[in-house]
Amino acid sequence: MTRSFLFWHRTDFEGLERLELVVEPEGVMANSTVICLEAGGFRLDHRWRLDSDWHAQSVVVERWNAQGRGTLGLERAGTGWRVNGEPRLDLEGAEEPDLSVTPFCNTFPIRRTPTAAGESLTLDTAFIDGPALTVARSKQRYDRQGPGRVRYVDLGLSAGFQADLVVDEEGLVLQYEHLFERLPVPA
């Protein structure tokens with residue numbers, strides 16, 4: 001078992017995330033808290049359960065903002081997803097969740113993107129808008145630029161958005177152009 005702590009700060013708004021990552025032979029667990037001034041300010045906790053191949057099995061998102069507390073649960077159901085326990089046919093075939101307020105979930109497709117420069121991976125996602133606690137189908141592409149470098153291209157809800165990502169050897173984001181930067185963890 002390995003346990004690590006990751007910190008990201010937002011580069012577009014004032015915001016900070018602390019994520020605890022536990023990797024075991026049987027799977028991966030992550031627990032995180034995000035504090036951000038975006039969308040009027042909010043606190044958002046997200047808890048992930050992944051299989052040993054880093055495919056998301058479930059995520060629970062709790063958000064506190066000026067409107068109060070809200071919760072959203074997303075759970076894999078065969079080739080689709082259940083949202084708050086209810087099947088969502090529009091998410092059938094979506095490969096992974098993508099939570100708007102964190103670069104953590106970019107790791108899942110990055111780990112499956114071919115390693116040769118110029119190779120790509122395109123996938124449908126269950127996009128979770130963290131502040132709004134909504135889920136919608138979207139499409140993304142990851143273009144391998146070279147070792148430790150990937151270009152993210154949104155082909156769905158935010159079509160036209162692109163960002164260069166620098167990642168570590170595990171596929172975890174170090175820098176996400178326009179949005180996030182990982183902070184060093186003090187010894």
Side chain to side chain contact (heavy atoms under 4.5 Å, CB included) with [X]: which residues, sequence neighbours excluded?
X	result
S4	L21
F7	F5, R18, L183, V185
S52	none

Which donor-acceptor pairs under 3.5 Å do the side chains of residues 127-134 make with protein atoms, sequence neighbours left out?
residue, atom, partner, partner atom, Å
D129, OD1, A132, N, 3.0

For a quick test of your reading: what N or O donor-acceptor pairs under 3.5 Å do the side chains of residues 163-173 make, sequence neighbours left out?
residue, atom, partner, partner atom, Å
D164, OD1, R151, NE, 2.9
D164, OD1, R151, NH2, 3.0
D164, OD2, R151, NH2, 3.1
D168, OD1, E170, N, 2.9
D168, OD1, G171, N, 3.1
D168, OD1, L172, N, 2.9
D168, OD2, R182, NH1, 3.2
D168, OD2, R182, NH2, 3.2
E170, OE1, R111, NH1, 3.3

Looking at side-chain heavy atoms only, is the closest gap between [X] and [Y] below 4.5 Å?
X	Y	answer
F108	D98	no
Y142	S120	no
N84	L72	yes

[X]: which residues meet the salt bridge (Lys or Arg N to Asp or Glu O under 4.0 Å) condition with it, sequence neighbours left out?
X	result
D51	none
D12	R10
E75	R82

Check: [Y] main-chain N/O paired with [X] side-chain donor or acceptor under 3.5 Å:
X	Y	value
E96	A56	yes
S138	T125	no
R141	L155	no
E24	V22	no

All side-chain hydrogen bond (donor to acceptor under 3.5 Å, both in side chains) counterparts of [X], not counting sequence neighbours:
X	answer
R63	none
T71	R69
E14	none

Exercise. Do I110 and L121 sit in the same hydrophobic cluster, where Ile, Leu, Val, Met, Phe, Trp and Tyr count as joined when their side-chain heavy atoms come under 4.5 Å apart?
Worked result: yes
For this session: State whether R47 and D45 are salt-bridged, where the test is any N-O pair (Lys NZ or Arg NE/NH1/NH2 against Asp/Glu carboxylate O) under 4.0 Å.
Result: no
Exercise. Will you find, in the side chains of H46 and E17, an N or O donor that is under 3.5 Å from an N or O acceptor?
Worked result: yes
Seminar exercise, completed: Of all heavy-atom pairs linking G93 and D124, the shortest is O-CB, 4.5 Å
Problem set entry | Partners meeting ring-ring contact (aromatic ring centres under 6.0 Å, His included) with F180 (sequence neighbours left out) | Y176
